[in-house]
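Since we're looking at a predicted model, the values are computed, not measured. Because only heavy atoms are used, hydrogens play no part in the values below, and waters and symmetry mates are left out as well, while side chains stay in. Chain identifiers are assigned alphabetically (A, B, ...) following the order of the sequence lines, protein sequences preceding nucleic acid strands; residue numbering begins at 1 within each chain.
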Amino acid sequence: MRARGGAAAVRPEHLAAHARLVKSADADAFLVTSVMRAYLRASLPLQALLVLRGLLTRAPRLLANSFSLSLALQACAASAAAIPLRAATATPPLGASLHARALKSGFAAADIFVRTALVEMYAKAGRAELARAAFDEAPRRDVFLCNVMLAAYVSRGEVAEARTVFDGMRDRDLVSWNTMIHGYAVSGDVGMAREIFDGTADRDAFSWSSMISAYAKGRRSKEALELWREMRVAGVAPDCITMVSVLSACSDMGALAIGAEVHQFVERNRVEVDVKLGTALVDMYAKCGDIDNSLKVFRAMPVKDVLTWSSTIIGLANHGLGHDALSLFSEMISQGLQPNEITFIGVLIACTHVGLVSDGKKYFSSMSDIHGVAPRIEHYGCMVDLLGRAGHVEEAMELIRSMPFEPDAVIWRALLGACRIHKNVEIAEEAMARLRVLDPLADGHYVLLSNIYAQANSWEGVAEMRKTIRRENIQRVPGRSSIEWENTVHEFVSGDRSHPRFGEIYKMLEEMMDRLKQAGYRPMTSLVLQDIDEEAKKQALAEHSEKLAIAFGLLTTPARSTLRITKNLRACEDCHSAIKLISLVYDRKLVVRDRNRFHHFSEGQCSCKDYW
DNA sequence: ATAGGGTTAG
C-alpha cells in the first residue's frame, strides 16, 4: 500500500543520484524522474524543485520527455502547495515556463500524464481558472484527469462546479465518487453526500470514512455510528482514518462502550496506532467520562504531538482535575514542546474549574510573554469565566472593558453565568442587554437571567423573562440526556414517553423521587419557567431528561455499577442536587457530562464542589 | 508514474 502523509524516507542512492545530477549534464532522464519522485514521496518538494532548477539551466534536454516533464510539473505543484502563494504572485514562474515547454514540445497535447500534472499544478497554486483552461483544452480526458479537476474544485469548496464536472464524466471510478462524497461533506451538505454515497457501487474504506466523518462533522453522530455498524456488516476493513472518524462520533455522544469496542478492534487487528488515532482515543475516553483510560492511552503513546497534549490537558481540566492538567502542561513544556492556542484554552479551563485565579492570570500573561502565543478572544472568554466564577465579577467586567477585542456573545454569556453563581442582578442585566443584541434567539440566557431573578426573589423579573420568551418567540432547546446500554445509546428528552420501556422507567422514576424526598430532597420549582401550578412544576422537574436517563440506568444495570450520562445543556441545579442524593441513596457512582464539564458524583458529593 | 477519507476549544 502506498504511504500517505507519513512520508517515505529518501534513500541514499537517490541522494547519490542527486549529486550526480548536480555535477554532470550527462545524467539520464531516468535518473531525473527517480530522484524527483523520491523527494516528492518524502514530502520534500523544495528539494525536488532544486533538482528541477538545475535541469532548467544546465540540462534542459533531460526534460524533453513526458515522464520528466510530468514529474517536474508535480514538483511545482507540490511546492506551490507547500508555500501558499498569494493570488497576485500565484502564477508559478517555473511552472509557467514548464507549461510553455510542454506546449512547444507537443507533450501537453499528446501525453495525458503531462496534461494531468499541468491541471494539478495550477490547482495547487490556487489558479483555478488556469487549471480549468488546461482541463478544457485537453484533447482527450480520462477518468484520472477528471478526478484531478474534481479534487481541485472540492479543495476550493466549489462543490457545485465539481458536480458539473462529475455529471459530465463518461466514466467514473471509485475515486470520482469518493471525491464527491467528501466534497459535499466539507461543504456541510450531508444529504447530498449521502445521495452520492448511496449511488456508489463497491464502496471502500474511503467511501465509508468520508460518509462517517460527514455525519460526525454535522453532529449527526448517531447516524455516524449506525454507518460504522453497517460498514462492518458489509465486510469492508476499516483503517486508522475510519476509526478516527468513528471515535469522534463516540466522543460527541459519550458512547463509551462503542468507543471501547473500537479500541479493542484496533488492538485485536493490530491496527497501527498513529498519533492521530492515539489522540482520538485519548479524546474519546476523556469525553466519554473515562479519564483513567484516557490517561492510560496517553502514557502508552510513543509519539505525541501538540494536539495529543492539548486534548489530554483539556480532558483533565473538564474532569475537574485542574492540578493534574497543569502538571501535564509543565511536563509538556519541560520536554521542549511548543503549546498552541488550544493548549492554553485547556490550561485556563483547568484553572477555572479549580478556582485558581492567580495561577490563571499568571498563565494568561505567560502566553505572549513566554510562549509567543497571542491571546485571542477565546482566551479572554476563559479569563472572564475564571474571574467571574471565582466571584470577581467586577474585575471580569473590567477585563471586558479593557480587552483589545469587541466582546462577543460568548464573553457576555460567561459573565451572565458568573452572575448566577454570585447572585449579581445588576451586572446580569447589563450582560443580558448586550446578549439581546448579539444573540437574541438563544434561549439559554433568558433561562439564566430568570434563574438569577428567582434566586433574588424577584418574581416580577421571572414573570418578565417568561413574557419575553413568549413575545420574542424564543425556541427552547430541549434538554437531552443519553445513557449507553448494550452498546446502544438511549436518549431521553424531558417528559419523554417514547422509549419502549417507558412504563418501567416511570415506575422507577416515581420510586426514585420518593426515596429522594425521604432523604431530604426539595424540588426547586422556582427554576421552572412554564406558567403552571406548583404540582405540575414538581412533575416537570422530576421528568427532566437526566433523571429519566438515570432511572433507565438504575433499571438496567447491576447494583453499584457506575452510571454515565451525557447531557446537551448545562447541568440543571435541581438535577445536580438530586443526583448527589442518588449517589448516596443508591450507592452508585455517576459520571455526568454537561455542556461544559464533567461531574463525578459519589457518596452524596460532586467533584465540582457545586462550582460550575 | 498521476486522484479520494482523519484529531484538540468556552
Of the listed nucleotides [options], the one nearest the side chain of [X]:
| X | options | result |
| --- | --- | --- |
| Lys217(A) | dT2(B), dG6(B), dT8(B) | dG6(B) |
| Ser70(A) | dA1(B), dG5(B), dA3(B) | dA1(B) |
| Ser213(A) | dT2(B), dG6(B), dG10(B) | dG6(B) |
| Phe144(A) | dA3(B), dG6(B), dG5(B) | dA3(B) |
| Asn318(A) | dG5(B), dA1(B), dG10(B) | dG10(B) |
| Ile342(A) | dG5(B), dT8(B), dA3(B) | dT8(B) |
| Leu307(A) | dA9(B), dA1(B), dT7(B) | dT7(B) |

Cut-off 3.5 Å, no hydrogens considered: what does the side-chain donor-acceptor table look like for residues 404-411 of chain A, sequence neighbours left out?
unit_1	atom_1	unit_2	atom_2	d
Asp408(A)	OD1	Val410(A)	N	3.2
Asp408(A)	OD1	Ile411(A)	N	3.1

Gap between atoms [atom1] and [atom2], on [X] and [N] respectively (whole Å):
| X | N | atom1 | atom2 | result |
| --- | --- | --- | --- | --- |
| Trp177(A) | dA3(B) | CH2 | P | 22 Å |
| Arg203(A) | dG5(B) | CZ | C1' | 15 Å |
| Arg172(A) | dA3(B) | CZ | P | 21 Å |
| Ile241(A) | dG5(B) | CD1 | C1' | 5 Å |
| Arg597(A) | dA9(B) | CZ | P | 16 Å |
| Leu150(A) | dA3(B) | CG | P | 14 Å |
| Leu31(A) | dA1(B) | CG | C1' | 16 Å |
| Met211(A) | dG6(B) | CE | P | 13 Å |

Heavy atoms only, 4.0 Å cut-off, all strands: where does [X] land among base, sugar-phosphate and nothing?
| X | result |
| --- | --- |
| Asp204(A) | base |
| Ala216(A) | nothing |
| Ile181(A) | nothing |
| Ser210(A) | sugar-phosphate |
| Glu341(A) | nothing |
| Asn596(A) | nothing |

For Leu387(A) against Leu399(A), the heavy-atom pair lying closest together
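Result for this residue pair: CD1-CD2, 4.1 Å.
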Considering all heavy atoms, the nearest Met169(A)-Ser176(A) contact:
CE-OG, 3.5 Å
Could you walk me through whether Asp189(A) and Arg194(A) pass the salt bridge (charged side-chain N to carboxylate O under 4.0 Å, His left out) check?
CA-CA 9 Å; Asp189(A) 193 340; Arg194(A) 183 63 198 240; over 6 Å; no
Tell me which residues in residues 375-383 of chain A put a heavy atom below 4.0 Å from DNA chain B, sorted by number, or none.
Arg376(A), Glu378(A)
Please list residues of residues 277-289 of chain A whose heavy atoms come under 4.0 Å from any atom in DNA chain B, ordered by number; otherwise none.
Leu277(A), Thr279(A), Asp283(A), Lys287(A)
Counting only heavy atoms not in Asp136(A), do more than 12 sit closer than 6.0 Å to its CG atom?
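Buried by this count: over 12 neighbours within 6.0 Å.
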Sequence neighbours excluded, which residues qualify as salt bridge (Lys or Arg N to Asp or Glu O under 4.0 Å) partners of Arg172(A)?
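Salt bridge (Lys or Arg N to Asp or Glu O under 4.0 Å) list for Arg172(A), sorted by chain: empty.
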Any N or O donor-acceptor pair under 3.5 Å from the base of dG5(B) to the side chain of Thr242(A)?
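Check passes, donor-acceptor contact within cut-off.
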Is the aromatic ring of Trp208(A) within stacking range of dG5(B), meaning centres under 5.5 angstrom and planes under 30 degrees?
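Per 5.5 Å and 30° rule: no stacking.
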For the residue pair Phe598(A) and His319(A), categorise the inter-ring angle as parallel (less than 30°), tilted (30 to 60°) or perpendicular (more than 60°).
parallel
Ignoring hydrogens and angles, tell me if any N or O in the side chain of Asp283(A) forms a donor-acceptor pair with the backbone of Ala286(A) under 3.5 Å.
no
Considering only NZ, NE, NH1 and NH2 on the basic side and carboxylate oxygens on the acidic side, decide whether Arg232(A) and Glu261(A) come within less than 4.0 Å.
yes
Just jot down the ring-ring contact (aromatic ring centres under 6.0 Å, His included) partners of Phe30(A), sequence neighbours excluded, or say none.
none
Show me, pair by pair, the donor-acceptor contacts under 3.5 angstrom made by side chains of residues 244-251 of chain A, not counting sequence neighbours?
unit_1	atom_1	unit_2	atom_2	d
Ser245(A)	OG	Ile241(A)	O	3.2
Ser248(A)	OG	Ser245(A)	O	3.1
Ser251(A)	OG	Leu247(A)	O	2.9

